[in-house]
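Protein chains get the first letters and strands the later ones, always in sequence-line order, with residue 1 at the start of each. Nothing here was measured: the structure is a model prediction, and the numbers come from that model.
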Amino acid sequence: MTLRLYDTLTRAKRDFVPVDPARVTMYVCGPTVYNYAHIGNARPVVVFDVVFRLLRRLYGEEHVLYAANVTDVDDKINLKAAQEGVPIGVITDRYLTAYHADMAKLGALRPTFEPRATQTMDAIIAMIERLIAAGAAYAAQGHVLFNTQTYADYGKLSGRSLDDMIAGARVEVAPYKQHPADFVLWKPSKENEPVWDSPFGPGRPGWHIECSAMIEQALGLPIDIHGGGNDLIFPHHENEMAQGVCADGHGTIYANYWLHNGFLNMGAQKMSKSLGNVQLVHDLVREAPPEALRWALLSSHYRQPLAWTDDVIAQAKSALDTLYGALNRAGDVEATAAEPSEAFLDALMDDLNTPKANAELFALAKRLETGSPAERALAKGQLLASGPLLGFLQGVPQAWFHGGADADLTARVDALIADRIAARAAKDWARADAIRGELTALNIEVMDSADGATWKLKEPAA
RNA sequence: GGCCUGGUGGCGGAGUGGUUACGCAGCGGACUGCAAAUCCGUGUACCCGAGUUCGAAUCUCGGCCAGGCCUCCA
């Protein structure tokens, strides 16, 4: 079974063949740190975290290099810094710290590298110089622009021609551009903006060149996988590819597989900071178990749009209740040491079919509930091996059900349950039910079993 | 205007030219002191029209609807 990935450039699912299996490389466009990340921002993080986990399994942990950049030079950062009257570093540090904390809660592993634009300035400038030397870029009025006319494949990734772009242009073309599609590599800084010296004059880099330079510096070209949200296909990735190919000189490949995730929507609209309909991860993780948020994010195929609703989160919680419930009831089953089940792996290998992989987790849970002793032992082992590949089922099952209950509440609940067990043993049903009523009032649901009782903390009634 | 996606049961969501997805919710039953959980069973689906085909929800064409990109954006 080989890994197959849908490649945006060729618009087809292709077998994944890394340039060097001992050094598999992936780059994903990361956050611009000027605010808290919203759940839409988290989708690619979680999706590519799954790719990362899968690649590590296939090629070995030490053979996979994953870089996700941090954009710390940006207009919005400048704006925020100006508003607060602090250096941009204060803003970027604050939100990068929060970003790391939020993504960790969603179970995302830290990338191997997290290059920052401010720390890549030499490489950015060097790359621009090479582009100029190659005739693919020109200076004009303090700017350096990429000359799209010199790159025949420009538009190939996003599937549009230069003519289309001119026809569809909705913005006024800057007078210093030789062609309307040419884009900025270096531009003068405005007053009070951060500024760097360069052979082209003082200024700051364009957004696209930052990524190309960071990729080259962190991973080297070409890379195996380049990922990001599908809104980045044009212009960002199109431009990245143009720069990378033209500056490279090694060949014509920039990234061998382009992966793009679909958008997360709020109702009919996309979630975006500019529309103001965002739900911050920072807030959501306090309202719902982070693992349920992760489940919700992976409950549809990564290339499909995902409508984010309360119901999606509730269904995700119920789904995890079922899986953790099966593990909880199988506490005494000795798990057979096992690999993830074949059906589970097959699903993921087929362009990351996480909904199908999730379905297999349910099949394993069913086997764990109903199988023969040997089947149950194997199913438990497979479930415990499979789940973590998606970042699930890594906690103690009891913790899932008791999550949110502090030590005080836990002690109180345990005492009440002990009383109730005694009452039931004495067939004092009235007292047993009264105690259950008390527990219900505490949002505790009791589940009796032959040898005692388990409980879970429910959501407070809305 | 140009380019590009997608339209599956009450909800979420895979997949396939002819066979149960799966989950959540519902219903019936078993179990239970009663519940819950679990188990067994069960109903509801493939936007519209035409075409190709022995057979299409799955392929083709047209239409309708929804969304995205073309400007910062995951």
Any-strand Watson-Crick or G-U partner of [N], both distances under 3.5 Å:
N: B:G17; result: none
N: B:U38; result: B:A30
N: B:C11; result: B:G23
N: B:G49; result: B:C61
N: B:G1; result: B:C70

Ring-on-base stacking B:G68 with A:F263 (under 5.5 Å, under 30°): no
Taking A:D351 for the side chain and A:Y6 for the main chain, is one N or O donor matched with an acceptor at less than 3.5 Å? yes
Looking only at atom [atom1], what distance separates [N] and [M], rounded to whole Å?
N: B:G18; M: B:G13; atom1: C1'; answer: 24 Å
N: B:G12; M: B:C46; atom1: C1'; answer: 15 Å
N: B:C11; M: B:U16; atom1: P; answer: 23 Å
N: B:A45; M: B:C3; atom1: P; answer: 38 Å
N: B:A37; M: B:U60; atom1: P; answer: 45 Å
N: B:G49; M: B:A56; atom1: C1'; answer: 14 Å
N: B:G43; M: B:C27; atom1: P; answer: 16 Å
N: B:G17; M: B:U58; atom1: P; answer: 11 Å

I'd like to know if A:R116 pairs up with A:D93 as an ion pair, taking the criterion as any Lys NZ or Arg NE/NH1/NH2 lying under 4.0 Å from an Asp or Glu carboxylate oxygen. yes
Do A:D75 and A:R204 meet the salt-bridge criterion of a basic N to acidic O distance under 4.0 Å? yes
In whole angstrom, give the distance that lies between atom [atom1] of [X] and atom [atom2] of [N].
X: A:Y154; N: B:C70; atom1: OH; atom2: C1'; value: 11 Å
X: A:L306; N: B:G6; atom1: CG; atom2: P; value: 16 Å
X: A:Y302; N: B:A74; atom1: OH; atom2: P; value: 19 Å

Does a nitrogen or oxygen in the side chain of A:N353 sit under 4.0 Å from OP1 or OP2 of B:G15? yes
Remember a base hit wins even if backbone is also touched, and classify [X] as base, sugar-phosphate or nothing at under 4.0 Å, heavy atoms.
X: A:Q304; value: sugar-phosphate
X: A:L264; value: base
X: A:F362; value: sugar-phosphate
X: A:H301; value: sugar-phosphate

Out of [options], which has the shortest distance to the side chain of [X]?
X: A:S300; options: B:A14, B:C70, B:A74; value: B:A14
X: A:V312; options: B:A74, B:A25, B:G12; value: B:G12
X: A:P355; options: B:A14, B:C24, B:G68; value: B:A14

Minimum-distance pair of heavy atoms, taken over all atoms of A:G227 and A:H237: O-CE1, 3.8 Å
For A:A42 and A:V281 the tightest heavy-atom approach is CB-CG2, 3.9 Å
Comparing nearest nucleotides in RNA chain B, the 5'-proximal residue of the pair A:A307, A:H236 is A:A307
Most 5' of A:A359 and A:P44 on RNA chain B, judged by nearest nucleotide: A:A359
Is there a side-chain contact between A:R294 and A:D49 (heavy atoms, below 4.5 Å)? yes
Taking the six-membered ring for Trp, is the centroid-to-centroid distance between A:Y95 and A:Y36 below 6.0 Å? yes
Over 60° means perpendicular and under 30° means parallel, so classify the ring planes of A:F183 and A:H208, tilted if in between. perpendicular
So A:W258 and A:H260, would you call those rings parallel, tilted or perpendicular, with 30° and 60° as cut-offs? parallel
Base-contact (B) and sugar-phosphate-only (S) positions in nucleotides 31-40 of chain B, heavy-atom cut-off under 4.0 Å, - elsewhere: --BBBBSSSS
